[in-house]
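Heads up, the thing below is written out as structure tokens.
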Amino acid sequence: MPKYPKGSSVASFSGDGPEETEEAKRATALFSVIGMTCSACAGSVEKAIKRLPGIHDAAVDVLGNRAQVVFYPAFVSEEQIQETIEDVGFEAALIVEEMNEKSTLICRIRIKGMTCTSCSGTVESALQGVHGVQKAIVALATEEAEIQYDPKIVSADKLMEVVEDTGFEAILLSTGEDRSKIDLRLDGVRTERSMRIIENSLQALPGIENISTDFLLKKISLSYKPDRTGPRTFIEVVESTGSGRFKASLYSDGVGKEPHKHREIKQYYQSFLWSLVFTIPVFLTSMVFMYVPGIKHGLDKKIVNMLSIGELLRWILATPVQFIIGRRFYIGSYKALRHGSANMDVLIALGTNAAYFYSVYSVLRAATSPSFKSTDFFETSSMLISFILLGKYLEVLAKGKTSEAIAKLMDLAPETATLLTYDSEGNVVNETEIDSRLIQKNDVIKIVPGGKVASDGVVIWGQSHVNESMITGEARPVAKRKGHTVIGGTVNENGVLHVQTTHIGSESALAQIVRLIESAQMAKAPIQKFADRISMYFVPMVISFAFITWLSWFLAGKLHSYPGSWVPSSMDTFQLSLQFGIAVVVIACPCALGLATPTAVMVATGVGASQGVLIKGGQALESTHKVNCIVFDKTGTLTTGKPVVVSTRLLKNMVLGDFYEYIAAAEVNSEHPLAKAIVQYAKRFGDEDNHVWPVVRDFVSVTGHGVKATVRNKEILVGNKTLMLDSGIHIPVEASELLREAEEMAQTGIIVSMNQEVIGIIAISDPLKPGAQDVISILNSMKVKSIMVTGDNWGTANAIAKEVGIDTVVAETRPEQKAEKVKELQMCGFTVAMVGDGINDSPALVSADVGMAIGAGTDIAIEAADIVLMKSNLEDVIIAIDLSRKTFSRIRLNYMWALGYNILGIPIAAGVLFPFTGFRLPPWIAGAAMAASSVSVVLCSLLLKNYKRPKTLNNMQIRGIMVE
């Protein structure tokens, strides 16, 4: 099945590169669909719609007879969608609503208390049922929810209420509106009047959008436009108000991900230690001291009737473990059952309660009977809770390590920065060390040798080499001088740089990478639906099986279906059957199934980021491991994307400088890479820095062919053969021969005509990236077919393909034809990946099963792609495929373990081996096994952190390309 647009980058094309880039707006259309009778009808409609190019998402409601389609108008129209629905056999009509005017925000909420996929499924279903919520994802592994919602219909506060109504604690991380928001702590404010004075002073600043205050916490929250004001200005205003008696600083409330993780780990650790304080004496009195003669005699001493001191001690010690330390399981069970679902807490509460309350019954009966000999299971309930708490502690400890990649990225940003102040003549007059969070747009910061770049920006003075490996994965330091961009978090190797900031805070490349990885870790892989389906029925099935186990053993004992010697001397048939039933309840583990996929995806996305490969979630990972065909763009993908003019042949007598003056004047208005190469070359014939080109009239860009313009009353055409022939211009034999020679040398021939006559041929070369041949060869060895699709001419395309080792070539294609070729390959049964520059190849990128965008470190917000290759290295395509294959091998291993554990463990706990071997699994050991199963799945996923790139790449000397 083809994939469909997820991004909004659209471009028109000239040749094989972007000529004009426009931002496509995502639109939503609602259709009434008459005639659907079942889910199969809805499925056929949805499938037909999604096959269209430019479809982002489609949902069909068979009960409401409606279809909602999110699409890109640049690729597909509402009329085409309506016709497609009608072609399937149903009546369709567009419902006109103000849907396209609705803004969509993404809210992130931390959810505390979830234990298994049943919990996350309950919260997810509740959120998706809220009017105004378009999409909701709840991730068990990250304990977060990501909700796409319409703020005109529902608020973030309402979403928080919905989460809390399901029985879990909700902490708002972001509403989607707070990208330019800051909290300040105020000192010296003693009255509410002072707070209002400060609020009014800040409200008067330009760029302030919203202010809220909290007098008790002495906190003020501001939303602002970063291009007009910033946090340093706010602090200055606060401190200048009230004759300097007020002070302001950045507010930190510690609700970040890391503090939360540390608190959770600490809570489980403390609970486990407290449980040990009570459980160890219970264990000793029931299983150890009974073999020590002196102590045994003291514990067996009767207090009331048949109630002994040992039984009373165990009851007293087990009670706080059951109801105080284990209260989290009661709370979790109540919340789950209240909403009609059952989770792991229900199993734990059921098993421990059965053991505890039977023991209470046994002890009370012994206290009231002169002859009844009590047998209690207090050690079972308390040891169960202790082992489960130990398992949860180890689990959250291991889960915390799966998100280390994000923590390491966030630590890259330096804590301080050196701010430069200039005088009116542009001389530096002051250097101030400030908190890096106080940097504002257009500030100039100083980066010393060995220091970290504090923010994204442009070098305005100095030259140096910068190590960008922590962001892009590129090991070689990159040369930087005036006009070059730098990325926040990278390290300056040598030389001093003055950098003017361009992107700060959440706009920075580092922040975008972190957001992308966080979203990737939230996104569910399709294979996870398997675990979700099992989890829906898992707990009820286990409880039913446990009841059948207890009933079967109890009835068999009463009917004397097995020898009386099978029953231990300290038990009767009821107690034996109860032990089997409790063991079944506590050994079953839905958590291992729920963690099998998300933990592996979390680790893999982090590992990918460290290799310079940004993978956008489980869907991308799952599709990539199936890829058996890769479609490569040429310009900027197989080649460096930096074309240069290599030769010029004039067919008429004229000065070369004048020739290029005419051409450059026409091409300077084009954004095409070939046009830029011509303009750059033309500057050599004049003042390179301040060249003024002649005035141009009637400029027309002919997408995919070239440009037309009038320069100094002469009609100039610059482009390919098709442009000339369509314009009625004869191409002489000499020009055709020159074009053929250029194409044979893998060069692009550009024809130039003046006043309907061809006057020259320009040959432009775009060299292959080093190692391109090796990458294609390795892909062939991996049984992955390689195809090149380009807008360039057939001669150049065939020459490049021959040089790189690609057999199948499609040339002279328009953007939509590239997407059609991808769909054609999919129809032939291939799982297709498209590798392009993420801008001019977006139709094909979004049509492919996996879109891989080649991009520099700052070009990471390419929504059209599933995977962003941050370096210019083609070897990252191999790393992406290899990493996804290894990840899914690990996911399969996780599922085999999780399913195998339950399939084997539950029957053993039920006593299937007992008649043959006499082996019986005590409930507390079953509980320990359950806890160990979750930990083992997480640890198995963590082994992915040891991922090494394929050995075949170690012999390749591929490095990023940078054209100075």
Side-chain angles (χ1 to χ4, degrees), residues 1-8 26 46-47 50-51 55-59 70 106 117 120-121 124 128 134-142 144-148 402 515-533 594-609 613-628 630 822 826 830-835 838 842 844-853 860-869 877 880-892 894-895 941 944:
M1 282 293 295
K3 283 198 65 194
Y4 305 97
K6 300 168 289 305
S8 59
R26 188 186 296 177
E46 185 172 322
K47 194 172 182 179
K50 285 185 174 179
R51 285 190 181 277
I55 299 297
H56 175 271
D57 197 10
V70 183
I106 295 178
T117 48
S120 58
E124 192 170 291
Q128 286 176 340
Q134 298 171 5
K135 185 179 181 182
I137 301 173
V138 179
L140 174 65
T142 59
E144 288 182 14
E146 187 175 271
I147 307 114
Q148 189 174 323
T402 61
R515 277 203 305 274
L516 190 149
I517 297 174
E518 285 179 337
S519 295
Q521 293 180 346
M522 290 288 298
K524 292 182 180 179
I527 195 173
Q528 195 173 334
K529 293 177 183 176
F530 166 70
D532 292 343
R533 281 195 297 269
L595 293 169
T597 299
T599 51
V601 169
M602 285 177 72
V603 176
T605 50
V607 168
V613 179
L614 296 184
I615 304 168
K616 297 185 178 180
Q619 172 77 56
L621 267 174
E622 183 162 345
S623 299
T624 305
H625 94 280
K626 302 174 185 174
V627 166
N628 54 16
I630 297 184
V822 168
Q826 289 169 333
F830 288 104
T831 301
V832 183
M834 171 70 192
V835 185
S842 56
L845 281 168
V846 296
S847 297
D849 294 283
V850 181
M852 298 187 187
I860 59 120
I862 303 173
E863 293 184 11
D866 300 287
I867 297 174
V868 180
L869 310 177
V877 174
I881 295 173
D882 184 64
L883 177 59
S884 69
R885 289 180 178 180
K886 283 185 169 60
T887 301
F888 266 78
S889 294
R890 191 54 48 91
I891 288 173
R892 290 190 194 100
N894 283 348
Y895 275 126
S941 295
L944 279 171

Under 3.5 Å, is there a donor-acceptor pair between the side chain of Q826 and the main chain of S847? yes

Could you report the tightest heavy-atom contact between V138 and A145, atom names first, then the distance? CG2-CB, 4.0 Å

Roughly how far, to the nearest 0.5 Å, is CG of D849 from CE of M834? 13.0 Å

As an exercise, state the distance from CD of Q128 to CD of Q148, rounded to the nearest 0.5 Å. 11.5 Å

Heavy-atom pair with the smallest gap, counting every atom of R885 and V627: NH2-O, 3.7 Å

If we only count heavy atoms from C-beta on, is the T887 to V607 side-chain gap below 4.5 Å? no

Modelled atom types, side-chain donor and acceptor of D866 and Q619, under 3.5 Å: no

Short side-chain to backbone donor-acceptor contact, S623 and A620, under 3.5 Å: no

Any chance you could measure L944, atom CG, to M602, atom CE, to the nearest 0.5 Å? 12.5 Å

Find out whether L621 and H625 are in side-chain contact, i.e. whether some heavy atom of one side chain is under 4.5 Å from a heavy atom of the other. no

Compare every heavy atom of T624 with every heavy atom of I881, then report the nearest pair and how far apart it is. CA-CG2, 3.8 Å

In the structure I gave you, are the side-chain heavy atoms of K886 and S889 within less than 4.5 Å of one another anywhere? no

Closest non-hydrogen atoms of M852 and A880, given as atom of the first, atom of the second and distance, are CE-CB, 4.2 Å

Check: L883 and V613 side chains under 4.5 Å, non-hydrogen atoms: no

Where I615 and T605 come nearest, the two heavy atoms and their spacing: O-CG2, 3.7 Å

Of all heavy-atom pairs linking S941 and T599, the shortest is OG-OG1, 2.9 Å

Find out whether Y895 and T597 are in side-chain contact, i.e. whether some heavy atom of one side chain is under 4.5 Å from a heavy atom of the other. yes

